[in-house]
Amino acid sequence: MSPAVMPTYARYDVSLERGEGVYVYGTDGKQYLDFGAGIAVASLGHCHPILVSALKDQAEILWHASNLYNIPVQERLAERLVESSFADTVFFNNSGAEAVEMGFKIIRKYFSNSKCPERYRVISVEGAFHGRSLACIAATRQEKYTAGFGPLMDGFDQVAFGNLNELRAAITAETAGIVIEPIQGEGGIRPVDPNYLRELRQIANEFGILLMFDEVQSGVGRTGKLFAHEHAGVKPDILASAKGLGGGFPIGACLATKEAAAGMTAGSHGSTFGGNPLAMAVGNAVLDVVLADGFLTQVSDVASYFHNGLESLVAKHRHVLRQVRGQGLMIGLQCQRDHQNSNLVQAAMDEGLLSVPAGDNVQRLVPPLVITKKDVDEALLILDRAARRVK
Ligand SMILES: *Cc1c(COP(=O)(O)O)cnc(C)c1O
């Protein structure tokens with residue numbers, strides 16, 4: 001008999017029913033320190049009081065309004081994102097894939113609007129993950145996501161990770177844009193060299209093409225900056241945000257400069273639920289916390305404490321652990337070749353810590369941004385026991 005929930009996920013043998021701060025609880029009452037945060041989503045932990053009251057308050061005011069009307073709470077979130085980023089304008093979506101897909105539409109529209117409709121192709125890099133829609137899997141271009149869903153949508157090319165010569169050589173008269181995650185998430189917490197990002201900006205300028213950052217996972221404070229690309233001092237033309245922006249409420253946002261978005265005029269794009277007042281109220285509350293004085297500094301402090309602890313852990317368990325990488329609280333613990341990341345993730349879970357496997361044999365640690373050094377100490381003890389278990 002087929003399960004009522006379509007079995008597209010290989011699920012862990014645990015049923016989660018409640019969360020509080022950095023902890024989640026199974027139906028069997030077992031407590032887990034949640035360093036997966038629903039894959040970098042519960043950015044302020046579970047049921048953060050500020051988010052709970054924002055959602056409850058909005059629920060008594062207005063749940064839904066069509067984008068046929070002005071929605072003040074949506075304008076407020078857009079204005080705040082614009083004020084604190086490279087962007088001039090924002091469209092709200094419901095998920096990461098939608099935000100990325102909209103970025104691709106903006107790229108195509110930009111060129112058709114400037115009388116160059118023959119330029120429509122987008123270059124992505126190997127190991128990327130851009131979401132599960134047809135356009136997003138065409139950009140992602142990994143067999144595990146595309147198998148059975150062909151033919152792949154036309155208009156996407158892919159080059160090797162970190163290879164500028166190959167990227168330059170791949171640009172043709174049809175190329176319209178480049179899409180990249182400043183730190184690959186699903187691909188295994190692979191940070192892109194800041195110099196490479198700066199060079200990409202140069203190349204995009206030189207060829208007159210658009211640069212788009214997929215910060216669905218790396219954004220909204222995760223790396224100690226509002227967006228990860230700020231570390232490199234490079235600005236994109238378009239940026240996709242989602243995951244942490246809603247702190248657990250479904251949301252996506254596509255940010256752009258006014259030049260890039262010039263063709264996005266009335267009627268060109270739409271969404272029934274995008275910019276929904278409930279999501280907007282929660283997004284504003286997330287920014288209230290993340291943009292408050294000192295918050296991002298605190299994220300960086302606790303992150304460097306965590307990185308140091310993980311370095312010691314790697315030194316202690318050399319036979320299991322290969323290296324720590326990542327930035328801020330977007331961390332990857334790479335296993336040695338003869339150990340499977342999934343075994344480490346399972347062992348940590350058995351010991352009471354949730355984490356997420358990622359590509360390149362990495363255990364991904366993307367905890368709530370509000371963790372303290374005490375939470376880090378607890379996580380390190382659990383990871384130590386987990387590493388001992390898998391040897
Ligand atoms: C998760 C993710 C997506 C897709 O987001 P969904 O909300 O699952 O559609 C896209 N890009 C990156 C970098 C992601 O991490």
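Residue numbers count from 1 along this sequence. The basis for the numbers below is simple: all heavy atoms, side chains too, and nothing from hydrogens, waters or symmetry mates. Numbering of ligands and ligand atoms starts at 1, following listing order.
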Taking 4.0 angstrom as the limit, do D350 and R385 come out as a salt bridge? no

Y145 meets the ring-ring contact (aromatic ring centres under 6.0 Å, His included) criterion, sequence neighbours left out, with F129

Measure the spacing between CD1 of I106 and CG of L255 and express it to the nearest 0.5 Å. 9.0 Å

Short side-chain to backbone donor-acceptor contact, E174 and E118, under 3.5 Å: no

Does a side-chain N-to-carboxylate-O contact under 4.0 Å join D154 and R121? yes

Just to be sure I understand the cut-off, which residues have at least one non-hydrogen atom under 4.0 angstrom from an atom of ligand 1? S95, G96, A97, F129, H130, G131, E181, D214, V216, Q217, K243

Between the CZ atom in R141 and the OG atom in S124, the distance rounded to the nearest 0.5 Å is 7.0 Å

